[in-house]
Trainee: 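What follows is a single structure, and I will ask about it in a moment.
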Amino acid sequence: MKISIGGFSFFNMIREGKMDTFGYLESSKYRYHLDTVDLWNGTFEGVKDDIFSLPDEAYIQRLAEAIREKEMTIINIAVDGAHLWDADPDKRSRLYENAVAYLSIAEKLGARTIRIDAGDQSSAPGTEEQFEYVVNKFEALSRRAADLGLIVGPENHMGTSKDPKYLKKVAEAVNHPNFGILLHMGRWETDEDIGDTLVAPWVYHTHFDGKTVGSPKGEHMVKTLLDAGYDGYWGIEYNAPDNQYAEMEWAIASVKRMLNRLN
C-alpha cells in the first residue's frame with residue numbers, strides 16, 4: 001500500500017531533541033515497516049535556525065547513504081525557506097537560489113518530487129505581479145526538474161496557495177509535465193468543498209492530517225482523487241501534540257483501513 005510519513009509529523013519530538021532525520025528513517029523503516037521517505041528539510045542538520053541556510057555536502061552524502069542502505073524511496077522532499085514570492089526583491093532572489101539548490105539536493109538524494117511553495121504567509125491576496133513572477137519561476141524550475149527526473153510544485157500550505165482557484169490558475173499557466181501540486185487534503189481558506197476537486201488533475205503527492213485521517217471527510221477526499229485517476233502515495237503529515245509514536249500507528253492503520261474500503 002502506497003503510504004508515507006511526512007517528516008513534519010515528528011516536529012514536536014524534533015523540537016525536544018528526541019528525533020532527527022536519521023531517527024525518522026529508522027522509525028519509518030523498522031517501527032512502521034515502510035520503505036518510503038517523505039522528507040521535510042526542517043529536520044536537516046544546519047537548516048533549522050536560518051531560513052537561507054543549506055545543508056552541507058557531507059550531510060547530504062550521509063543522508064543519501066542511509067537511505068540507500070535501508071533501500072528506501074524518497075517520495076517527496078517538502079522544502080521550507082525556498083518559497084518563490086516575497087515582497088522584498090532581494091529576499092525573493094535569495095529564496096529562488098535556495099529553490100534551485102534544493103532541486104540539486106533532491107536529485108542527489110534520489111527524490112521523485114519536491115515541494116517548493118509559491119509564496120509566504122503575507123502573500124494573500126495575490127497581485128498580478130506576484131502571479132506572473134510565480135508562473136515564470138515555476139516554468140524555469142519545471143524545466144530544471146525535467147532534466148533531473150523530478151516533479152516540482154507548491155503545496156496548499158500558506159498564503160495565496162490556500163486558494164484552490166489560484167493554484168489551478170498557476171498550474172494551467174505553467175502547463176509543464178514536471179509541474180504538479182502537493183495536496184494537503186482539505187486545507188483551504190476558500191472553496192473548501194471543491195478545492196481538492198479543482199486541483200486534482202495536477203496532484204503528484206498528498207498529505208493527510210489529524211482532521212482527515214480516518215474521517216468521513218478524508219474518505220470523500222480520497223475518493224475524489226481516485227476518481228480523478230490519482231495513483232500516487234498517501235502521505236501522513238500529522239504532528240500529534242504528544243504520544244507521537246502511538247498516534248502515528250493509529251494514523252497509518254486508519255489510512256490503510258480507508259484505502260482498503262475504497263479499493
Side-chain angles (χ1 to χ4, degrees), residues 1-11 13-14 18-48 54-80 101-116 144-153 155 178 180 182-183 203-208 213 222 225 230-240 244-260 263:
M1 194 169 284
K2 294 181 175 179
I3 291 176
S4 62
I5 299 171
F8 183 75
S9 297
F10 297 110
F11 176 68
M13 292 180 67
I14 292 164
K18 298 177 180 177
M19 174 72 80
D20 62 8
T21 308
F22 296 97
Y24 155 80
L25 296 180
E26 292 282 322
S27 295
S28 293
K29 180 73 175 184
Y30 301 115
R31 180 183 286 268
Y32 303 113
H33 310 293
L34 299 175
D35 293 322
T36 51
V37 181
D38 196 349
L39 292 172
W40 169 50
N41 74 320
T43 71
F44 289 2
E45 186 178 287
V47 172
K48 288 180 285 188
L54 293 167
D56 62 37
E57 186 67 30
Y59 176 82
I60 293 301
Q61 185 174 346
R62 293 200 312 274
L63 184 54
E65 289 172 356
I67 291 165
R68 283 196 301 271
E69 287 169 359
K70 292 176 177 61
E71 298 181 330
M72 302 184 82
T73 300
I74 303 179
I75 306 306
N76 178 255
I77 302 177
V79 177
D80 289 347
Y102 268 106
L103 257 67
S104 177
I105 289 170
E107 190 268 339
K108 290 174 182 176
L109 291 174
R112 293 184 180 180
T113 67
I114 178 169
R115 182 263 272 166
I116 301 293
R144 288 177 179 268
D147 292 336
L148 299 173
L150 294 163
I151 294 175
V152 63
E155 181 182 3
N178 291 78
L182 194 168
L183 176 62
V203 173
Y204 65 78
H205 187 45
T206 59
H207 279 162
F208 287 94
V213 166
V222 169
L225 289 175
Y230 180 71
D231 189 35
Y233 278 75
W234 305 94
I236 301 169
E237 188 181 76
Y238 170 40
N239 181 40
Q244 291 194 298
Y245 284 136
E247 287 289 313
M248 185 52 64
E249 288 178 4
W250 164 79
I252 291 171
S254 298
V255 171
K256 285 182 176 179
R257 183 169 182 263
M258 185 187 307
L259 294 175
N260 280 328
N263 286 322

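Values in this document were obtained by computation on a predicted structure and should not be read as measured data. These values consider heavy atoms only, across backbone and side chains, with no hydrogens, waters or symmetry-generated copies.
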Trainee: Can you find a heavy atom in the side chain of Trp234 that is under 4.5 Å from one in the side chain of Lys256?
Mentor: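 No - every pair of side-chain heavy atoms lies 4.5 Å or more apart.
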Trainee: I'd like to check His207 versus His205 (side-chain heavy atoms, cut-off strictly below 4.5 Å). Are they in contact?
Mentor: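 The answer is yes, as the side chains (C-beta and beyond) meet within the 4.5 Å cut-off.
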Trainee: Indicate whether the side chain of Tyr32 and that of Glu249 have a donor and an acceptor atom separated by less than 3.5 Å.
Mentor: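 Absent: no donor and acceptor within the cut-off.
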Trainee: Rounded to the nearest 0.5 Å, how far does CD1 of Ile114 lie from CD1 of Ile74?
Mentor: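 The CD1 atom of Ile114 is 10.0 Å from CD1 of Ile74, to the nearest 0.5 Å.
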Trainee: Measure the shortest side-chain to side-chain distance between Ile252 and Leu34 over non-hydrogen atoms and say whether it is less than 4.5 angstrom.
Mentor: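 When only atoms from C-beta onward are counted, Leu34 and Ile252 do touch, with a gap below 4.5 Å.
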Trainee: Can you tell if the side chain of Ser104 reaches within under 4.5 Å of the side chain of Arg144, non-hydrogen atoms only?
Mentor: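 No, too far: nothing below the 4.5 Å cut-off.
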Trainee: Judged by atom type as modelled, is there a donor-acceptor pair below 3.5 Å linking the side chain of Asp38 to the main-chain atoms of Gly235?
Mentor: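 Checked: no pair found.
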Trainee: Heavy-atom count around Glu71 CD within 6.0 Å, excluding the residue itself: above 12?
Mentor: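 For Glu71, atom CD is not crowded (no more than 12 foreign heavy atoms under 6.0 Å).
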Trainee: So, the side chain of Arg115 versus the backbone of Glu155: is there a donor-acceptor pair under 3.5 Å, distance only?
Mentor: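 Checked: no pair found.
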Trainee: Any side-chain to backbone donor/acceptor pair from Thr113 onto Leu150? Under 3.5 Å, distance only.
Mentor: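 Not at all, since once roles are kept as given, no pair shorter than 3.5 Å links the two residues.
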Trainee: Measure the spacing between CG of Asn178 and OH of Tyr204 and express it to the nearest 0.5 Å.
Mentor: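 So the CG of Asn178 and the OH of Tyr204 are separated by 11.5 Å.
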Trainee: Would you say the side chain of Arg112 lies within less than 4.5 Å of the side chain of Asn76, judging by non-hydrogen atoms?
Mentor: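 They are not in side-chain contact.
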Trainee: Can you name the nearest heavy-atom pair linking Ser254 to Val213, along with the distance?
Mentor: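 Distance-wise, the nearest heavy atoms are CB-CG1, 3.5 Å.
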Trainee: Could you label the plane-to-plane angle of the Tyr59 and Phe22 rings as parallel, tilted or perpendicular, counting under 30° as parallel and over 60° as perpendicular?
Mentor: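 Plane angle over 60°, so perpendicular.
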Trainee: Ignoring hydrogens and angles, tell me if any N or O in the side chain of Gln244 forms a donor-acceptor pair with the backbone of Met13 under 3.5 Å.
Mentor: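 Here the side-chain-to-backbone pair exists.
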Trainee: How far does CD1 of Ile5 sit from CZ of Arg31, to the nearest 0.5 angstrom?
Mentor: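 One finds 10.0 Å between CD1 of Ile5 and CZ of Arg31.
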Trainee: Heavy atoms, side chains only, cut-off 4.5 Å: are Pro55 and Ile105 in contact?
Mentor: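 Pro55 reaches Ile105 side chain to side chain.
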Trainee: Going by the salt bridge (charged side-chain N to carboxylate O under 4.0 Å, His left out) test, name the single residue among Lys29, Lys2, Lys70 that passes it with Asp35.
Mentor: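 Exactly one pass, corresponding to Lys29.
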Trainee: Checking Thr21 against Thr43: is there a side-chain donor and acceptor pair closer than 3.5 Å?
Mentor: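 Note: Thr43 and Thr21 side chains meet the donor-acceptor criterion.
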Trainee: Could you point out which residue of Glu57, Glu45, Glu69 forms a salt bridge (charged side-chain N to carboxylate O under 4.0 Å, His left out) with Arg62?
Mentor: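 Answer to the salt bridge (charged side-chain N to carboxylate O under 4.0 Å, His left out) test with Arg62 among Glu57, Glu45, Glu69: Glu45.
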Trainee: Could you give me the CA-CA distance, side-chain angles and deciding distance for Asp20 and Ile14, then say whether side chain to side chain contact (heavy atoms under 4.5 Å, CB included) is met?
Mentor: CA-CA 6 Å; Asp20 62 8; Ile14 292 164; over 6 Å; no
Trainee: Could you tell me if the side chain of Tyr230 sits less than 4.5 Å from the side chain of Leu183, heavy atoms only?
Mentor: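 No, side chains not in contact.
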Trainee: Answer yes or no: is there a donor N or O on one side and an acceptor on the other, between the side chain of Thr206 and the main chain of Tyr233, under 3.5 Å?
Mentor: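 Indeed, once roles are kept as given, a pair shorter than 3.5 Å links the two residues.
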Trainee: About how many Å separate CD1 of Ile75 and CD1 of Ile3, when rounded to the nearest 0.5 Å?
Mentor: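 Here the rounded value is 12.0 Å.
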Trainee: What distance do Asn239 atom CG and Trp40 atom CH2 have between them, rounded to the nearest 0.5 Å?
Mentor: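 Separation between the atoms: 8.5 Å.
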Trainee: Just verifying a value: how many Å separate Tyr238 OH and Phe11 CZ, rounded to the nearest 0.5 Å?
Mentor: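 Spacing of OH (Tyr238) from CZ (Phe11) equals 16.0 Å.
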Trainee: Mind listing the closest non-hydrogen atom pair of Ile67 and Leu25 along with its distance?
Mentor: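 The pair with the smallest heavy-atom distance is CG1-CD1, 3.9 Å.
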Trainee: Looking only at side chains, do Ser9 and Tyr24 share a donor and an acceptor under 3.5 Å apart?
Mentor: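 No, Tyr24 and Ser9 have no side-chain donor paired with an acceptor closer than 3.5 Å.
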